[in-house]
Amino acid sequence: MSADFKNRLSEAICHAVDLDNDLQVKWTLPKREGQGDLSTNIAMILANQRKTQPRQLADEILKKVVWPQNEIEHAEVAGPGFINIWISNDHYRKIVNDIITSGRNYGASDIGAGHKVIVEFVSANPTGPLNIVSARAAAIGDSLVRVLNKTGFDVSAEFYVNDSGKQIRKLGESVIAISRNDAVPEDGYHGDDIISIAKELSSEGVLSIESDPENIGKAAAKKNVVVQKDALESYGVNFDRWFLESELHQQGGPETALEKLKAVGAVKEEDGATWFSGSKFGDEDRVIITSEGRPTYLLPDISYHLNKAERGFDTAIDLLGPDHHDYAGRMRAAMKALGHDSFLEVLIVQQVHFVSGGEKVKMSKRAGKIVTLQQLIEEVGEGDLVRGRDIARYFFMQRRTSTPLEFDLDLAKEQSERNPVFYVQYAHTRICGILRQDGCPDPLDADLSYLDKGEEINLIKHLEQFGEIIQRAAESREPQKLVSYLHDLATTFHKFYTACRVVGVEKNISAARAALSNATRIVLAEGLNLLGVSAPERM
RNA sequence: GCCCGCGUAGCUCAGUUGGAUAGAGUGUCUGCCUCCGGAGCAGAAGGUCGCGCGUUCGAAUCGCGCCGCGGGUACCA
């Protein structure tokens with residue numbers, strides 16, 4: 001239901017009960033048959049304030065109210081005092097036209113207009129290929145970006161590359177050790193990927209000229225970034241910017257951040273170390289420069305987030321792994337100290353467990369199981385990279401971000417009705433099949449007044465919700481909401497399909513149904529697109 | 001100990017921000033192919049929403065207290 005339409009209804013009710021604003025009037029979709037198309041509880045809320053009976057007040061409202069135009073067919077009081085209204089089929093038929101004329105734009109809105117948002121996700125260390133946790137974060141982050149775009153936010157996707165610090169030096173040391181056939185340091189990096197990088201660097205001559213672990217580490221990191229970028233690209237994920245931590249250091253970012261923290265009295269010296277006084281801002285005190293004079297990771301990270309704010313973003317959304325959830329508190333405290341309260345939103349992307357044959361699969365390198373994003377795509381798509389991407393992304397999007405996810409590898413690989421990805425894609429394919437038929441009339445010639453069967457109207461009702469679902473997904477930062485919506489829409493279409501033939505029935509009916517099918521195709525395709533999943537015309 | 005997240009059908013999970021008789025998928029039964037691709041549709045069965053108080057017209061949803069599971073708790077990143 002469009003916000004505009006609801007507002008008109010709300011105004012009508014306000015007018016009837018002498019309310020000066022319509023904010024209190026909320027409309028919901030009733031769950032059950034026989035409860036109309038829209039429902040409001042305003043009578044129950046007002047009855048409380050006005051010390052009267054809800055049902056009586058609801059009756060009064062219905063007596064006085066003047067509904068806009070003639071889109072309302074019927075209204076009645078139900079249950080404890082709900083006002084349920086039935087909307088005319090004419091209203092719904094217009095939706096089909098709206099969809100077809102808006103095309104891919106259908107469902108777009110401008111609720112985010114004027115907001116500049118940066119979404120940072122994955123941000124894996126450049127010490128190896130991307131793992132499975134990154135794969136989930138990438139799917140969610142990228143969809144979130146698409147959804148925010150669709151709702152009018154000015155959004156940027158960013159990957160923060162930790163290309164400086166301890167782990168880079170360690171990476172360099174590992175590469176050097178491997179090239180000399182020495183033992184890799186205790187907490188260093190080993191594995192096929194490091195070995196091949198060592199080979200590349202030595203054949204490029206880098207290893208012979210350069211022996212400083214830091215510089216070797218940087219060179220290796222650069223190669224890893226390329227590997228990560230490639231994997232993400234075949235996953236359909238693109239970033240507007242790969243922000244290098246080293247850039248931050250070159251600009252003296254951490255030093256500036258420290259000065260700014262000092263300026264607001266958020267820094268103290270104790271036990272020979274320098275601390276951020278987080279306890280003043282709702283967190284705990286944290287060391288930012290060790291007693292040995294080395295900055296901890298916190299300082300560059302504060303500097304990085306400050307940098308985001310200085311680039312003009314009003315909101316920063318970070319997707320982090322479950323091992324980082326108290327990072328959120330300290331970073332928010334730091335931003336608060338620097339005058340950017342409520343700037344940072346943190347989404348914790350929970351753990352992924354793989355299941356096969358009813359048992360948990362350990363994701364260990366040693367066991368030779370799937371560890372990287374690339375391996376997952378290949379495994380699940382059985383060599384077909386597009387299919388692998390579709391399945392992986394859809395599966396990762398099936399659960400709320402904050403819920404641990406069980407990934408059933410057997411189900412994912414199964415090409416059957418049990419696989420939810422195919423169920424949704426199949427609805428799209430089916431429509432394409434219908435519209436491809438020789439006897440299928442041109443949907444553009446349709447007279448929509450021929451749509452009046454229950455299954456037809458019901459399908460339109462689902463299509464109409466698309467925009468609202470996207471808005472809720474954007475506002476709650478939960479692009480997953482689209483998944484259940486699309487599954488639902490596919491179900492509604494399949495029901496329509498079994499109840500209503502499109503091709504081979506009376507000409508006018510046929511054209512109207514073709515138009516409805518076409519509208520459904522558009523919404524399915526765009527919905528899948530927001531998930532980063534393809535909408536195939538044939539399967 | 002403290003911080004964060006999670007407990008909903010046998011299993012995996014939704015739940016429109018506090019609404020009406022609790023929703024899917026999957027698994028188990030039962031039906032439907034002369035038919036736009038059956039990768040589909042219809043039906044049955046399956047619930048003390050972890051437990052207990054509280055808030056109110058109304059709670060799976062909000063508050064408090066327990067119980068259970070997971071993660072975090074560095075002068076590591």
Just call it for A/Cys500: base, sugar-phosphate, or nothing, with non-hydrogen atoms closer than 4.0 Å on any strand. base

Residues that A/Arg389 engages under side chain to side chain donor-acceptor pair (under 3.5 Å), provided they are two or more places apart: none

With sequence neighbours excluded, residues passing side-chain contact (heavy atoms from CB on, under 4.5 Å) with A/Val77: A/Arg55, A/Ala58, A/Asp59, A/Leu62

Nearest-neighbour nucleotide for the A/Thr296 side chain, B/A20, B/C75, B/G19 considered: B/C75

Under 3.5 Å, is there an N or O donor on one side and an acceptor on the other linking the side chain of A/Thr403 and the base of B/C6? no

When you get a sec, tell me which of B/A39, B/A20, B/C6 is the closest nucleotide to the side chain of A/Ser402? B/C6

Remember a base hit wins even if backbone is also touched, and classify A/Thr274 as base, sugar-phosphate or nothing at under 4.0 Å, heavy atoms. nothing

Is the shortest side-chain N/O distance from A/Lys170 to OP1 or OP2 of B/A77 below 4.0 Å? no

Contacts of type side-chain contact (heavy atoms from CB on, under 4.5 Å), residue A/Ser143, not counting sequence neighbours: A/Arg393, A/Met397, A/Pro479, A/Leu531

Looking for any heavy atom pair under 4.0 Å, which part of the strands does A/Ser517 touch: base, sugar-phosphate only, or nothing? nothing

Taking only residues two or more places apart in sequence or in another chain, which ones pass side chain to side chain donor-acceptor pair (under 3.5 Å) with A/Asp410? A/Ser356

Mind listing the N/O atom pairs, protein and nucleotides 2-4 of chain B, below 3.5 Å?
unit_1, atom_1, unit_2, atom_2, d
B/C4, O2, A/His325, NE2, 3.4

Whole-angstrom distance between B/G23 and B/C33, as gauged at atom C1': 30 Å

Taking atom types as modelled and ignoring hydrogens, do the side chains of A/Tyr297 and A/Asn162 form a donor-acceptor contact shorter than 3.5 angstrom? no

Distance check, P atoms only: B/G72 and B/C41, in whole angstrom units. 42 Å

When you check the glycosidic angle of B/U28, does it come out syn, meaning within 90° of 0, or anti? anti

For the base of B/G19 and the side-chain ring of A/Phe82, does the geometry meet a stacking cutoff of under 5.5 Å between centres and under 30° between planes? no

Sequence neighbours left out, what passes side chain to side chain donor-acceptor pair (under 3.5 Å) with A/Thr491? Give chain and number order. A/Tyr423

So what does A/Arg400 touch, heavy atoms closer than 4.0 Å: a base, only the sugar-phosphate, or nothing? sugar-phosphate

For a quick check under 3.5 Å, do A/Ser279 and A/Glu284 share a side-chain donor-acceptor pair by atom type? no

Taking the side chain as C-beta and beyond, is there a heavy-atom pair between A/Phe354 and A/Leu376 under 4.5 Å? yes

Using the test side chain to side chain donor-acceptor pair (under 3.5 Å), find all partners of A/Ser109 that sit at least two apart in sequence or belong to another chain. none

Whole-angstrom distance between B/G43 and B/G7, as gauged at atom P: 29 Å

Under 4.0 angstrom, heavy atoms only, what part of the nucleic acid is A/Asp271 near: base, sugar-phosphate, or nothing? base

Look at the side chain of A/Thr498 and the base of B/A42, then say whether one donor and one acceptor between them are separated by less than 3.5 Å. no

For B/C62, decide between syn and anti, treating a glycosidic angle within 90° of 0 as syn. anti

Name the nucleic acid region contacted by A/Ala427, choosing base, sugar-phosphate or nothing; use a 4.0 angstrom heavy-atom cut-off, strictly under. nothing

I want to confirm an ordering. Mapping A/Gln351 and A/Thr28 to their closest nucleotides on RNA chain B, which one lands closer to the 5' end? A/Thr28

Can you name the salt bridge (Lys or Arg N to Asp or Glu O under 4.0 Å) partners of A/Asp318, sequence neighbours left out? A/Lys308

Looking only at atom C1', what distance separates B/G10 and B/U17, rounded to whole Å? 31 Å

Quiz item: A/Asn84 side-chain donor-acceptor pair to B/A20 base, under 3.5 Å: yes

Bracket notation of RNA chain B in which parentheses pair within the strand, [ ] cross earlier pairs, and | pairs with another strand (Watson-Crick or G-U, under 3.5 Å): (((((((..((((.....[...)))).(((((.......))))).....(((((..]....))))))))))))....

Could you work out the separation of B/A59 and B/G19 based on their C1' atoms and round it to a whole Å? 10 Å

Below the 4.0 Å mark, does B/C76 have OP1 or OP2 next to a side-chain nitrogen or oxygen of A/Arg294? yes

What residues, two or more places apart in sequence or in another chain, satisfy side-chain contact (heavy atoms from CB on, under 4.5 Å) together with A/Ser277? A/Lys268, A/Lys280, A/Asp285

Please give the distance between the P atoms of B/G63 and B/U55 as a whole number of Å. 16 Å

If I pick the P atom on B/C29 and the same atom on B/C62, what distance separates them, to the nearest angstrom? 39 Å

For A/Pro54, which contact category applies under a 4.0 Å heavy-atom criterion: base, sugar-phosphate, or nothing? nothing

Distances for protein N or O near nucleotides 22-24 of chain B N or O, under 3.5 Å:
unit_1, atom_1, unit_2, atom_2, d
B/G23, OP1, A/Arg32, NH2, 2.5
B/G23, OP2, A/Arg32, NH2, 3.2

Say we look at B/C66 and B/C2: how far apart would their P atoms be, to the nearest angstrom? 9 Å

How is A/Gln35 classified with respect to the nucleic acid when contacts are heavy atoms under 4.0 Å: base, sugar-phosphate, or nothing? base

Which of the following nucleotides, B/G19, B/G5, B/U16, is nearest to the side chain of A/Leu29? B/U16

Please classify the nucleic acid contact of A/Arg501 as base, sugar-phosphate, or nothing, using heavy-atom distances under 4.0 Å. base

Give a yes/no verdict on a cation-pi contact between A/Arg430 and A/Tyr497, requiring under 6.0 Å between NZ or CZ and the six-membered ring centre and an angle within 45° of the axis. yes

side-chain contact (heavy atoms from CB on, under 4.5 Å) with A/Ala333: which residues, sequence neighbours excluded? A/Phe276, A/Phe281, A/Asp283

Mapping A/Arg399 and A/His494 to their closest nucleotides on RNA chain B, which lands nearer the 5' end? A/Arg399

Non-hydrogen side-chain atoms of A/Arg477 and A/Leu148 separated by less than 4.5 Å: yes

Give one of base, sugar-phosphate or nothing for A/Tyr497, where a contact means two heavy atoms less than 4.0 Å apart. base

